[in-house]
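Here the structure comes first, spelled out in structure tokens, and everything after it is commentary.
Quick note: numbers below take in every heavy atom, side chains included, and nothing from hydrogens, waters or symmetry partners. Since this is a predicted model, take the numbers as computed values, not measurements.
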Amino acid sequence: MATVMQKIKDIEDEMAKTQKNKATAHHLGLLKAKLAKLRRELLTPTSKGGGGAGEGFDVTKSGDARVGLVGFPSVGKSTLLNKLTGTFSEVASYEFTTLTCIPGVIMYRGAKIQLLDLPGIIEGAKDGKGRGRQVISTARTCNCILIVLDAIKPITHKRLIEKELEGFGIRLNKEPPNMTFRKKEKGGINLTSTVTNTHLDLDTVKAICSEYRIHNADVHLRYDATADDLIDVIEGSRVYTPCIYVVNKIDQITMEELEILDKLPHYCPISAHLEWNLDGLLEKIWEYLSLTRIYTKPKGMNPDYEDPVILSSKRRTVEDFCERIHKDMVKQFKYALVWGSSAKHKPQRVGKEHELEDEDVVQIIKKV
């Protein structure tokens with residue numbers, strides 16, 4: 001582990017010393033690719049017995065979505081978890097109270113949301129310091145991340161935590177790179193693009209590919225991509241996670257300071273201790289999770305508005321709905337009747353590829 005850490009430090013030092021210009025783009029691209037490979041080694045150590053996940057970190061995923069609380073020690077994550085879920089997480093004014101990952105559950109708008117209080121991230125988590133590796137491995141499984149910041153020093157903490165999460169392949173509030181990367185048997189490296197490229201040229205692409213021992217591939221760019229974007233696509237293990245910056249302890253700052261913080265994107269001000277704006281935070285979590293509630297209607301009965309079926313906004317066809325209820329339901333499916341905003345008339349008879357909207361009512365008609 002120490003040798004990998006030393007190699008990472010050496011590369012980071014060299015990158016810091018290298019001037020960024022067109023002449024050095026190729027060299028920096030190569031260094032970034034080496035760095036990404038070393039970080040992957042840290043996340044998934046190849047040696048046997050190389051430090052397991054650690055006690056308390058293997059939390060079973062339950063409910064409809066998982067939200068992780070990430071932040072430096074003593075920013076109020078445990079207090080927030082207690083207020084939101086009623087789960088007991090040890091709260092104290094000294095640092096590093098939470099040493100294992102504590103789950104709680106929020107019932108909100110019919111959805112069951114699992115909330116994880118992850119132990120305080122310290123600088124260097126991405127390099128395996130502290131229990132950073134376990135924390136970040138768990139953070140990668142979350143559908144949304146709440147970065148909890150102290151209102152007194154939010155910006156410095158925000159940058160440090162973003163750097164840690166980015167280092168482990170968690171991309172916050174970003175979409176996957178809009179490019180095609182396809183390996184082939186022969187023909188070398190080909191680079192095509194529909195836009196002008198200011199960051200990547202053929203030499204840089206070849207240098208990055210050679211670091212991954214890829215000598216034949218087609219790369220097609222649909223926007224002005226960077227070397228980091230190309231590395232993300234080649235690595236293929238990046239997770240793109242929505243993130244909310246929860247600025248806690250706003251009772252300790254002035255209105256002027258609060259107005260400055262208000263200009264931050266993806267931001268939600270709260271005071272966990274005084275329970276200020278917790279409803280606003282829950283609403284924002286709901287918005288960022290982008291969940292769809294579908295109500296069931298058994299034949300000849302009223303819809304069940306108490307217990308909706310929760311679908312992801314990316315997977316909300318009638319087929320996804322059937323699979324969520326029971327995997328055999330798709331085999332018996334004949335058609336569905338839908339009431340709600342996705343239906344052209346009420347009810348509309350649809351097939352299993354029909355896309356549902358939030359709060360639609362669905363009745364499944366099975367084959368006889």
Side-chain angles (χ1 to χ4, degrees), residues 1 3-48 50 126-128 133 136-137 139-141 162-241 312 314-315:
M1 183 73 80
T3 54
V4 175
M5 303 266 290
Q6 189 54 50
K7 282 178 189 169
I8 285 175
K9 189 179 181 315
D10 292 347
I11 291 173
E12 283 181 337
D13 289 347
E14 191 177 340
M15 282 170 70
K17 280 185 285 190
T18 307
Q19 280 188 318
K20 288 185 177 69
N21 56 44
K22 234 177 178 146
T24 60
H26 166 193
H27 177 60
L28 280 169
L30 196 61
L31 291 176
K32 284 175 175 176
K34 286 185 168 155
L35 196 59
K37 285 172 70 184
L38 289 167
R39 292 245 171 87
R40 176 165 25 105
E41 266 182 62
L42 270 185
L43 189 57
T44 50
T46 46
S47 58
K48 286 182 183 171
K126 69 179 185 305
D127 303 328
R133 198 170 73 221
I136 294 186
S137 300
R140 283 175 65 91
T141 67
E162 282 173 342
K163 193 179 171 199
E164 297 302 326
L165 296 175
E166 285 269 328
F168 258 147
I170 299 172
R171 302 290 176 257
L172 304 172
N173 296 324
K174 284 182 185 168
E175 291 294 319
N178 190 7
M179 67 167 81
T180 311
F181 181 85
R182 192 172 56 84
K183 290 186 204 175
K184 53 186 186 177
E185 293 298 313
K186 56 188 178 186
I189 304 288
N190 288 321
L191 175 65
T192 56
S193 176
T194 53
V195 295
T196 309
N197 300 322
T198 58
H199 305 290
L200 285 177
D201 57 22
L202 187 57
D203 286 344
T204 308
V205 171
K206 281 181 176 173
I208 292 169
C209 289
S210 70
E211 181 58 35
Y212 286 93
R213 300 203 173 110
I214 297 167
H215 305 295
N216 302 292
D218 287 332
V219 182
H220 179 64
L221 310 178
R222 295 185 195 88
Y223 73 115
D224 192 6
T226 64
D228 293 309
D229 295 333
L230 178 60
I231 291 163
D232 282 355
V233 169
I234 295 172
E235 282 279 336
S237 61
R238 304 309 189 220
V239 292
Y240 296 85
T241 311
S312 150
K314 292 190 175 89
R315 296 194 57 194

Quiz item: Hey, does Asp232 have a side-chain heavy atom less than 4.5 Å from the side chain of Tyr240?
Solution: yes
[X] (side chain) donor-acceptor with [Y] (main chain) under 3.5 angstrom:
X      : Y      : value
Arg171 : Glu166 : yes
Thr226 : His199 : no
Arg140 : Phe168 : yes
Asn216 : Gly188 : yes
Thr204 : Leu200 : no
Asn178 : Arg222 : no

Looking only at heavy atoms, what is the nearest atom pair of [X] and [Y], with distance?
X      : Y      : answer
Gly167 : Arg39  : O-CD, 3.1 Å
Ile214 : Ile189 : O-CD1, 3.9 Å
Arg238 : Glu235 : NH2-CG, 3.6 Å
Lys37  : Tyr212 : CG-CE2, 3.6 Å
Ala227 : Gly29  : CB-CA, 4.2 Å
Tyr223 : Pro177 : OH-CB, 3.3 Å

Quiz item: Does NZ in Lys184 sit with more than 12 non-hydrogen atoms of other residues, nucleotides or ligands closer than 6.0 Å?
Solution: yes
Practice problem: Could you please spell out the steps behind the salt bridge (Lys or Arg N to Asp or Glu O under 4.0 Å) verdict for Glu162 and Lys174? | Solution: CA-CA 12 Å; Glu162 282 173 342; Lys174 284 182 185 168; over 6 Å; no
